[in-house]
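Inspection log for the structure reproduced underneath, given as structure tokens.
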Amino acid sequence: MSVRHATPTLSLSQAEELVKKHYKLTPSELRHLPSFEDQNIYIAAVEGGEYVLKIINSENNCGSGLQKYLMRLLTYLPGIPISKAPLSPRLLYEVGQTAARMDNILREVEHPQLNKLQRDSFTWSLSNVPILEKYIHVLDGDPLQEVVRSVLHQYKTTVSRKYPRFRKSLIHGDLNDLNVLVQADESRGYRVSGIIDFGDMSFGCSVYDLAVSIMYMMHLYPNPIEVGGLVLAGWESVLPLNEAERDCLFWLVLCRFCQQLVLCLFLSPCYPENQDYIMRLSKRGPLILHKFYEIGKEQVEKMWFHTAAQFNDRN
């Protein structure tokens with residue numbers, strides 16, 4: 001994994017000038033939005049409309065001490081990150097349902113350049129979990145290192161063997177706690193209002209989006225073990241898993257925990273100005289990973305699939 005140090009740090013006044021020059025818009029409001037490696041800036045325009053100016057992290061240099069970045073202006077989606085809303089069983093169900101619907105739509109996308117999204121060496125893909133072995137030294141001295149090693153072993157001996165039977169499609173790849181947006185509804189609850197940040201999109205396996213969403217929602221819910229069944233219920237109301245996908249879901253969720261833990265520990269020193277964002281899941285994540293590993297695949301799956309069946313029967 002190449003570590004990119006050229007994180008954009010444009011000021012709001014610089015962003016204002018860029019928007020005026022390249023998009024012929026006059027900002028009436030600008031503010032910074034959170035991001036892992038890129039820079040996101042909210043913009044409300046005098047001419048109407050709300051946007052996000054996204055400055056892509058790049059290691060390209062242009063002259064002495066100057067950086068060259070790719071810039072995009074995106075439509076701003078209303079809502080708040082799901083991490084700021086109280087989670088209910090119904091909302092977790094809707095997360096799974098929305099994710100599956102999105103994957104169904106992505107499966108129909110056609111474009112002559114779609115092969116560019118193959119991304120066979122993408123570090124964060126659940127197809128490339130064994131890459132973590134290169135970075136596992138960040139856990140030297142931590143008892144959790146053996147848990148991670150064991151999960152990697154299960155991936156290589158169990159998941160990889162069943163990979164050919166996973167259904168392939170274009171996937172979002174990063175349905176995390178900040179990329180799922182929600183809005184309050186008429187019943188004083190919350191509903192999913194949008195999915196943002198398709199920067200990790202790639203050709204992968206549909207079940208990856210389910211596993212990733214389960215993993216991140218676990219960080220937000222008081223009882224993490226209940227999350228899998230609720231998100232799974234929503235997913236299977238649209239896209240039922242096949243036998244191979246069901247049998248590997250537990251390990252795929254744990255693999256995402258391992259990716260989040262190891263890669264964020266490795267990357268954090270490279271982006272000291274953004275450590276709070278990168279390590280925001282570091283308190284609960286290791287505890288949940290260890291707990292689920294101790295409970296074991298059989299018991300966790302029994303609860304997940306029973307909860308999913310019950311929830312769908314009631315709906």
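Please read all numbers here as calculations on a predicted model, not as lab measurements.
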Using atom types as modelled and distance alone, determine if a side-chain donor or acceptor of [X] lies under 3.5 Å from a backbone N or O of [Y].
X	Y	result
Trp304	Val227	no
Ser213	Asp209	yes
Arg246	Leu241	no

Are there more than 12 heavy atoms of other residues, nucleotides or ligands under 6.0 Å from atom [atom1] of [X]?
X	atom1	answer
His153	NE2	no
Arg167	CZ	yes
His306	NE2	no

List the steps and the verdict of side chain to side chain donor-acceptor pair (under 3.5 Å) for Asn104 and Arg101.
CA-CA 5 Å; Asn104 273 343; Arg101 286 173 175 167; over 6 Å; no
Using ring-ring contact (aromatic ring centres under 6.0 Å, His included), reason through Phe257 and His290 one step at a time and then give a plain yes or no.
CA-CA 10 Å; Phe257 271 107; His290 191 269; over 10 Å; no
What I'd like to find out is whether the side chain of Leu117 reaches to under 4.5 Å of the side chain of Leu170, using heavy atoms alone.
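Yes, their side chains come closer than 4.5 Å.
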How close do [X] and [Y] get, heavy atom to heavy atom, and via which atoms?
X	Y	value
Pro130	Lys156	CG-CG, 4.1 Å
Gln145	Leu139	NE2-C, 3.4 Å
Leu91	Pro86	CD2-O, 4.0 Å
Pro78	Gln183	CB-NE2, 3.6 Å
Tyr163	Lys168	O-NZ, 3.1 Å

Side chain to side chain donor-acceptor pair (under 3.5 Å) evaluation trace for Gln39 with Ser35
CA-CA 6 Å; Gln39 186 177 18; Ser35 179; over 6 Å; no
Quick one, Tyr190 with Glu94, criterion side chain to side chain donor-acceptor pair (under 3.5 Å). Give me CA distance, side-chain angles, the key distance, then yes/no.
CA-CA 10 Å; Tyr190 285 83; Glu94 192 173 335; over 6 Å; no
Please give the remaining members of the hydrophobic cluster of Leu77, linking ILVMFWY side chains under 4.5 Å, ordered by chain and number.
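Its cluster partners, ordered by chain and number, are Leu181, Ile196.
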Is Asp177 salt-bridged to Lys84, going by a charged N under 4.0 Å from an acidic O?
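Lys84 and Asp177: not salt-bridged.
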With a 3.5 Å cut-off and no angle check, do the side chains of [X] and [Y] form a donor-acceptor pair?
X	Y	value
Glu47	Thr26	yes
Arg280	Ser83	no
Tyr208	Ser127	yes

Give, for atom CG of Asp103 and atom OG of Ser206, the distance between the pair rounded to the nearest 0.5 Å.
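The distance works out to 4.5 Å.
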Spacing of Glu108 atom CD and Glu110 atom CD [to the nearest 0.5 Å]:
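That separation rounds to 8.0 Å.
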Does Leu10 belong to the same Ile/Leu/Val/Met/Phe/Trp/Tyr cluster as Leu30, with side-chain heavy atoms less than 4.5 Å apart forming each link?
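Yes, same cluster.
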